[in-house]
Amino acid sequence: MSEELSFFNQVYEIVKCIPFGRVTSYGAIAKYLGTAKSSRMVGWAMNNSHVALQNIPAHRVVNRIGLLSGKQHFGTGDEMKKILEKEGLEIVNDQIQNFSHHFWDPQIELKY
DNA sequence: CGATTGACGTACG
DNA sequence: TCGTACGCCAATC
């Protein structure tokens with residue numbers, strides 16, 4: 001696929017491909033790009049995502065345990081939680097319930 | 001220009 | 001099984 005795109009750009013592409021009501025983890029994206037240990041960069045990409053493109057559903061990206069690690073970055077309140085709940089997900093204590101069930105693996109779904 | 005931080009994850013003890 | 005340490009790369013201080 002577009003392997004000429006930068007790491008950040010690839011992250012954006014993947015995140016944009018996340019279907020409605022589905023979630024994934026930073027590590028999954030990083031691993032898909034071949035840089036499993038660079039999961040922090042995925043987070044940084046998200047941080048810049050609102051600057052590069054605002055059509056990035058970053059709220060569907062959480063850490064590997066389904067915890068809303070970046071909810072504070074979306075809004076001062078529980079905006080991220082509300083969005084995810086609106087997508088049909090169940091959030092308890094800033095944590096996605098049945099995370100594995102709603103998990104969207106780019107390696108399986110995008111399957112290059 | 002050097003040191004620290006950061007939306008994480010894996011490895012090791 | 002749980003806790004701590006390190007890696008990764010870019011941006012910011």
Side-chain angles (χ1 to χ4, degrees):
Chain A
M1 241 216 320
S2 323
E3 308 215 6
E4 306 194 18
L5 292 173
S6 301
F7 180 82
F8 278 43
N9 237 331
Q10 293 190 43
V11 173
Y12 299 147
E13 289 296 314
I14 295 173
V15 175
K16 283 194 295 185
C17 288
I18 301 176
F20 184 90
R22 288 293 194 88
V23 288
T24 189
S25 64
Y26 306 95
I29 298 173
K31 189 172 291 186
Y32 175 77
L33 296 177
T35 56
K37 291 179 179 165
S38 302
S39 45
R40 272 185 162 160
M41 295 299 86
V42 180
W44 252 113
M46 297 292 96
N47 191 14
N48 275 319
S49 67
H50 76 100
V51 180
L53 299 166
Q54 60 255 67
N55 294 34
I56 305 271
H59 57 269
R60 294 178 187 154
V61 184
V62 295
N63 63 2
R64 74 171 192 87
I65 64 176
L67 189 68
L68 307 188
S69 46
K71 77 155 196 172
Q72 198 67 338
H73 279 263
F74 275 85
T76 53
D78 300 323
E79 192 169 338
M80 184 176 182
K81 178 184 173 187
K82 286 194 289 186
I83 295 172
L84 290 173
E85 284 180 339
K86 188 180 286 185
E87 302 215 350
L89 295 172
E90 187 178 1
I91 315 297
V92 177
N93 195 12
D94 296 333
Q95 190 172 343
I96 300 177
Q97 303 302 297
N98 301 324
F99 177 65
S100 304
H101 181 67
H102 296 290
F103 186 76
W104 181 80
D105 194 343
Q107 285 203 81
I108 297 175
E109 304 296 334
L110 292 179
K111 217 198 291 190
Y112 60 102

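Both backbone and side-chain heavy atoms feed into the values below; hydrogens, waters and symmetry mates do not. Chain naming here is simple, since letters A, B, ... match the order of the sequence lines and numbering starts at 1 in each.
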**Request:** Report the distance from atom CG of Asn47(A) to atom C1' of dC9(C), rounded to the nearest whole Å.
**Result:** 14 Å
**Message:** Mind checking if Ser25(A) touches a base, just sugar-phosphate, or nothing, with heavy atoms under 4.0 Å?
**Reply:** sugar-phosphate
Protein-nucleic acid N or O pairs under 3.5 Å, nucleotides 1-3 of chain C:
none

**Item:** Closest non-hydrogen atom pair, Leu33(A) against Phe7(A)
**Value:** CD1-CE1, 3.5 Å
**Message:** Taking only the P atom of each, what is the distance from dT5(B) to dC6(C) in whole angstrom?
**Reply:** 15 Å
**Request:** Among residues two or more places apart or on two chains, list those pairs meeting side-chain hydrogen bond (donor to acceptor under 3.5 Å, both in side chains) that have a residue in residues 38-54 of chain A.
**Result:** none
**Request:** Rounded off to whole Å, could you give me the NZ-to-P distance for the Lys31(A) and dC8(C) pair?
**Result:** 16 Å
**Message:** Go through it in stages, so that I can follow the logic: the residues are Met41(A) and Val11(A), the test is side chain to side chain contact (heavy atoms under 4.5 Å, CB included), and I'd like the CA-CA distance, side-chain angles, deciding distance and then a yes or no.
**Reply:** CA-CA 9 Å; Met41(A) 295 299 86; Val11(A) 173; over 6 Å; no
**Co-membership, hydrophobic cluster, residues Phe8(A) and Tyr26(A), 4.5 Å side-chain** = yes
**Item:** Ile14(A) versus Tyr32(A), closest heavy-atom pair with distance
**Value:** CD1-CD2, 3.1 Å
**Request:** Considering non-hydrogen atoms only, spot the tightest contact between Lys16(A) and Ile56(A) and give its length.
**Result:** CG-CD1, 3.8 Å
**Request:** Could you check which residues of residues 36-45 of chain A get a heavy atom under 4.0 Å from DNA chain B? Sort them by number, please.
**Result:** Ser39(A), Arg40(A), Met41(A), Gly43(A), Trp44(A)
**Close approaches to DNA chain B from residues 68-97 of chain A, in residue order (heavy atom, under 4.0 Å)** = Ser69(A), Gly70(A), His73(A), Phe74(A)
**Item:** Minimum heavy-atom distance between Ser25(A) and Arg64(A), given as atom pair plus value
**Value:** CB-CA, 3.9 Å
**Item:** Non-hydrogen atoms of Leu67(A) and Asn63(A) that approach each other most closely
**Value:** N-OD1, 2.7 Å
**Item:** Shortest non-hydrogen contact between Phe103(A) and Ala28(A), atoms and distance
**Value:** CZ-CB, 3.7 Å
**Message:** Please identify the 5'-most and 3'-most nucleotides of DNA chain B with any atom under 4.0 angstrom from a heavy atom of chain A.
**Reply:** dG6(B) to dT10(B)
**Asked** Looking at Val42(A), Val15(A), Ile29(A), Asp105(A), which hits side-chain contact (heavy atoms from CB on, under 4.5 Å) with Thr24(A)?
**Response** Ile29(A)
**Asked** Run the side chain to side chain contact (heavy atoms under 4.5 Å, CB included) check on Val61(A) and Val23(A) step by step: do they pass?
**Response** CA-CA 6 Å; Val61(A) 184; Val23(A) 288; over 6 Å; no
**Request:** Might you confirm whether atom CZ of Arg22(A) has over 12 heavy atoms from other residues, nucleotides or ligands at distances under 6.0 Å?
**Result:** yes
What pairs of donor and acceptor atoms, side-chain ones from residues 87-101 of chain A against any protein atom, are under 3.5 angstrom apart with sequence neighbours left out?
residue: Glu87(A); atom: OE1; partner: Gly21(A); partner atom: N; Å: 3.0
residue: Glu87(A); atom: OE1; partner: Arg60(A); partner atom: NE; Å: 2.9
residue: Glu87(A); atom: OE2; partner: His59(A); partner atom: NE2; Å: 3.0
residue: Glu87(A); atom: OE2; partner: Arg60(A); partner atom: NE; Å: 3.2
residue: Glu87(A); atom: OE2; partner: Arg60(A); partner atom: NH2; Å: 3.0
residue: Asp94(A); atom: OD2; partner: Lys71(A); partner atom: NZ; Å: 3.4
residue: Gln97(A); atom: NE2; partner: Gln95(A); partner atom: O; Å: 3.2

